[in-house]
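Since the structure comes first, as structure tokens, the remarks are kept for the end.
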Amino acid sequence: MSKEDIGITVSKKDNFSEWYTQVVLKAKLADYAPVKGLIVLRPDGYSIWESLRGRFDKKFEKNGIKNGFLPILIPESLLGKEQKHFAGFNPEVFWVTHSGTNKIGDRLALRPTSETLAYTMYSKWIQSWRDLPLKINFWNTALRAEIKATKPFLRTSEFLWQEGHTVHATQEEAEKEVMKILEIYKKTVEEELAIPVITGKKSEKEKFVGAVYTTTMESIMPDGKALQMGTSHFLGQNFSKPFEVKFADKDNVEHFAWQTSWGISWRLIGAMIMVHGDDKGLVLPPNVAPIQVLIVPIYKNDEGKKSVLSKVEEIRKILEIKKIRVYVDDREGLSPGYKFNDGELKGIPLRIEIGPKDIEKESIVIAKRHNREKSNLDFSEIETIVTILDEIQKEMLVNAKNQANANSIDISDFVEFKSKIEKGGFFNAPWCGRVECEEKIKEETGADIRVLPFGSDDTNQKCIYCSQESVSVPVFARGY
RNA sequence: GGGGACGUAGGUUAGCUUGGUAUACUGCCAGCCUCGGGUGCUGGAGAUCAUGGGUUCAAAUCCCAUCGUCCCCA
């Protein structure tokens, strides 16, 4: 590896896939595990996850959702109880067949998702209307054997996620919950990760196996491909019936309950990398950055070192009182330039440079990561860094929105659709609502219906494929 | 589902055609020098050449098998 290779060696524009992998590895977010399709999360990567998790937990808690923990093994007999669900997941289930040298009769699945296990428990816990609603969230991992090419965070055979499972007395309440969760997801992703999303429903073909319907949030990546950012499912009574999740109502009549399930995964980290990163490496939104401010002290000799470092300490204290996460890079034997590049590779949102010249002028140099702008800031204005970080966070969302808009088009001609899909993008195209057309479009273009955005019903147009009357204008795209 | 590439030090890799005890850079360690955009010098540690078998006086190199990983396209 030459010196240049410490950093990112390909441009995001020319080789997106390679660029992405390099950022993940070189920014030390994750590394490949010795088993195909699995990755190891390193502290910088895990810290982002923890931070995101904290933001979600706060909102879940406000909504009356508590955290629990489920074991990882599910007996086949349970997993198979809801047949469509089982058929959907079976091809990618890892099975545990032995305990030590003994063969296990009812083999055990490493959970691909936990509906069947959770609802087995729920049926024990719920007897009365007084037990409802029951709202539990689980932070864990799920395992799905990926045959397709894997990619850190985006497609791995084991992934970190949360799966929430709620139970309600009425259909109306359950459906409200589905929407409430989707709103929490959208808000959190936009506010914390600075990634705009489009929310709506999945088509019948793309919905979660076992759900009545699936709501989703989708984002467009810079390479024009769509990424599913999170889903919230209305399960109706599809699971409560086979799993006997039922309760006695006030009138003492027994009813099957209404259920929801929903999840987001560390894919969100992958999305964040893709949307914000650049040729210098990772770019982190301040809200989730493990380190928000990097301070690089610059000095020529011991005397300069002393005065610079004491000033640095002063600044650090001011920032820490303001609850800003600060790291002083006082590593010996490394040049400032090295430290600048290192901080940029890791995506630290704001860098402070302070040397003898600055002490003299009573100011510091600040460099913003997201637009790489440098400017001066007086000692007396250090506290405004709180506001600056806030502005960065907002600017990143605006930039991402512009990027997403530039990648979305309204389209009503299939020939044009086919010719333009190669370059990627979100295509808003009218559709008749029939699965045959959906399948044909997928077959001929590789694009599927990512989302039927809320409010996209439209009967005044012609289906882009069959020209029959449209029912809506979904977002078509090729996906990850 | 289809196709391709690869496995040699922590990382990237040379050597393989034509068999003869492994090359460099980077990273790491120690010391010195430096420090406003990936510093320089000196010294040092680090490799059962993926695994198993075969051919041979001799295998990273040739042959067979196995395992593993990555990438691209639908």
Side-chain angles (χ1 to χ4, degrees), chain A residues 1-10 14-28 30-40 42 91-92 145-152 154-157 223-225 278-281 294-309 311-312 328-346 348 351-361 363-369 372-377 418 421-424 439-448 476-480:
Chain A
M1 203 195 307
S2 72
K3 275 179 202 167
E4 289 73 30
D5 295 348
I6 305 168
I8 308 298
T9 58
V10 294
D14 295 342
N15 190 347
F16 189 75
S17 179
E18 168 71 14
W19 169 87
Y20 175 82
T21 307
Q22 283 197 16
V23 172
V24 170
L25 298 178
K26 291 183 175 177
K28 298 185 179 171
D31 203 351
Y32 291 108
V35 178
K36 180 184 168 65
L38 302 184
I39 60 168
V40 175
R42 304 180 70 172
E92 45 191 27
E146 286 293 348
I147 306 140
K148 290 179 171 187
T150 53
K151 201 92 184 149
L154 301 177
R155 181 176 287 122
T156 48
S157 287
D223 62 348
K225 283 199 201 166
D278 63 21
D279 289 352
K280 297 291 275 179
L294 166 69
I295 303 180
V296 180
I298 299 160
Y299 42 82
K300 285 193 169 50
N301 48 41
D302 277 351
E303 196 188 329
K305 178 176 173 179
K306 217 174 169 186
S307 68
V308 167
L309 284 186
K311 192 68 200 175
V312 162
V328 177
D329 193 349
D330 55 3
R331 289 179 290 173
E332 296 284 346
L334 297 172
S335 71
Y338 182 95
K339 293 175 182 177
F340 295 169
N341 282 294
D342 193 45
E344 282 167 8
L345 180 60
K346 289 182 174 154
I348 303 169
R351 179 178 69 240
I352 293 175
E353 302 167 14
I354 174 162
K357 290 182 209 165
D358 306 292
I359 303 253
E360 222 168 90
K361 286 187 291 183
S363 70
I364 55 174
V365 174
I366 58 170
K368 295 177 187 170
R369 178 65 184 89
R372 310 202 63 225
E373 278 175 17
K374 270 196 190 192
S375 56
N376 290 298
L377 192 69
K418 275 211 254 190
I421 194 70
E422 280 305 320
K423 283 187 194 145
E439 277 169 355
K440 282 285 179 192
I441 292 168
K442 166 82 181 172
E443 208 178 295
E444 292 179 34
T445 68
D448 45 26
F476 289 86
R478 287 182 179 169
Y480 267 93

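Chain identifiers are assigned alphabetically (A, B, ...) following the order of the sequence lines, protein sequences preceding nucleic acid strands; residue numbering begins at 1 within each chain. What you see is a predicted model; the values in this text were computed from it and never measured.
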Quickly work out the [X] [atom1] to [N] [atom2] distance and round it to whole Å.
X	N	atom1	atom2	result
A:Leu154	B:C72	CG	P	12 Å
A:Glu332	B:U39	CD	C1'	15 Å
A:Ile8	B:U12	CD1	C1'	15 Å
A:Tyr480	B:C71	OH	P	12 Å
A:Leu334	B:C33	CG	P	16 Å
A:Lys339	B:U34	NZ	C1'	12 Å
A:Lys442	B:C73	NZ	C1'	13 Å
A:Lys361	B:G36	NZ	P	15 Å

Using Watson-Crick or G-U wobble geometry with both distances below 3.5 Å, tell me the partner of [N], or none.
N	result
B:U48	none
B:C25	B:G11
B:G40	B:C32
B:C62	B:G54
B:C6	B:G68

Original post:
Considering only heavy atoms from C-beta outward, does the side chain of A:Ile298 approach that of A:Val308 to under 4.5 Å?
Top reply: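 Contact flag for A:Ile298/A:Val308 side chains = no.
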Using the [atom1] atoms only, state how far [M] lies from [N], rounded to an integer number of Å.
N	M	atom1	answer
B:A65	B:G10	C1'	30 Å
B:A47	B:U23	P	14 Å
B:G15	B:A22	C1'	7 Å
B:U56	B:U21	C1'	16 Å
B:G36	B:C32	C1'	23 Å
B:C6	B:U12	P	15 Å
B:U51	B:A9	P	10 Å
B:G11	B:C70	C1'	15 Å

Subject >> Trace of the side chain to side chain donor-acceptor pair (under 3.5 Å) decision for A:Asp329 with A:Tyr338 >> reply: CA-CA 11 Å; A:Asp329 193 349; A:Tyr338 182 95; over 6 Å; no
**OP:** Show your reasoning for whether side-chain contact (heavy atoms from CB on, under 4.5 Å) applies to A:Leu38 and A:Thr156.
**Re:** CA-CA 6 Å; A:Leu38 302 184; A:Thr156 48; 5.7 Å; no
Look at the side chain of [X] and decide which nucleotide, out of [options], has an atom nearest to it.
X	options	answer
A:Glu353	B:G37, B:C71, B:A74	B:G37
A:Asn341	B:G36, B:G38, B:C70	B:G38
A:Glu422	B:G36, B:A74, B:G37	B:A74
A:Tyr338	B:A74, B:U39, B:C35	B:U39
A:Arg351	B:G37, B:G36, B:C71	B:G37
A:Lys280	B:G38, B:C71, B:G37	B:G37

**OP:** May I ask you to evaluate whether A:Ser335 reaches the phosphate of B:U39, defined as a side-chain N or O under 4.0 Å from OP1 or OP2?
**Re:**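 True: A:Ser335 side-chain N/O within range (under 4.0 Å) of B:U39 OP1/OP2.
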Subject >> Distance test, side-chain N/O of A:Ser17 to OP1/OP2 of B:C72, below 4.0 Å >> reply: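 Checking A:Ser17 against B:C72: at least one side-chain N or O falls below 4.0 Å of OP1 or OP2.
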Original post:
Which pair of heavy atoms, one from A:Ala447 and one from A:Ile421, lies closest together, and at what distance?
Top reply: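 Smallest heavy-atom distance, with atoms named: CB-CD1, 3.8 Å.
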Original post:
Do A:Lys300 and B:G36 have a side chain to base donor-acceptor pair shorter than 3.5 Å?
Top reply: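 Per atom types, no contact qualifies.
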**OP:** Could you check A:Leu38 against A:Val365 and say which one's nearest nucleotide on RNA chain B is further toward the 5' end?
**Re:**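 Its nearest nucleotide being more 5', the pick is A:Val365.
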**OP:** Take A:Arg478 and A:Lys151, find for each the nucleotide of RNA chain B with the closest heavy atom, and name the residue whose nucleotide sits nearer the 5' end.
**Re:**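 Closer to the 5' end of RNA chain B: A:Lys151.
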**OP:** Give A:Glu344 one of three labels, base, sugar-phosphate or nothing, depending on what nucleic acid heavy atoms sit under 4.0 Å from its own.
**Re:**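 Base contact - A:Glu344 has a heavy atom under 4.0 Å of at least one base atom.
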Original post:
Given the rule in the side-chain contact (heavy atoms from CB on, under 4.5 Å) test, do A:Ile352 and A:Val365 qualify, once you have shown the distances and angles that lead to the verdict?
Top reply: CA-CA 6 Å; A:Ile352 293 175; A:Val365 174; over 6 Å; no
Original post:
Are the side chain of A:Arg369 and the backbone of A:Glu344 linked by a donor-acceptor contact shorter than 3.5 Å?
Top reply: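 Looks like yes, one N/O pair under 3.5 Å.
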Original post:
Ion pair present between A:Lys339 and A:Glu353, side-chain N to carboxylate O less than 4.0 angstrom?
Top reply: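 Judged by the 4.0 Å cut-off on N to carboxylate O distance, A:Lys339 and A:Glu353 do not form a salt bridge.
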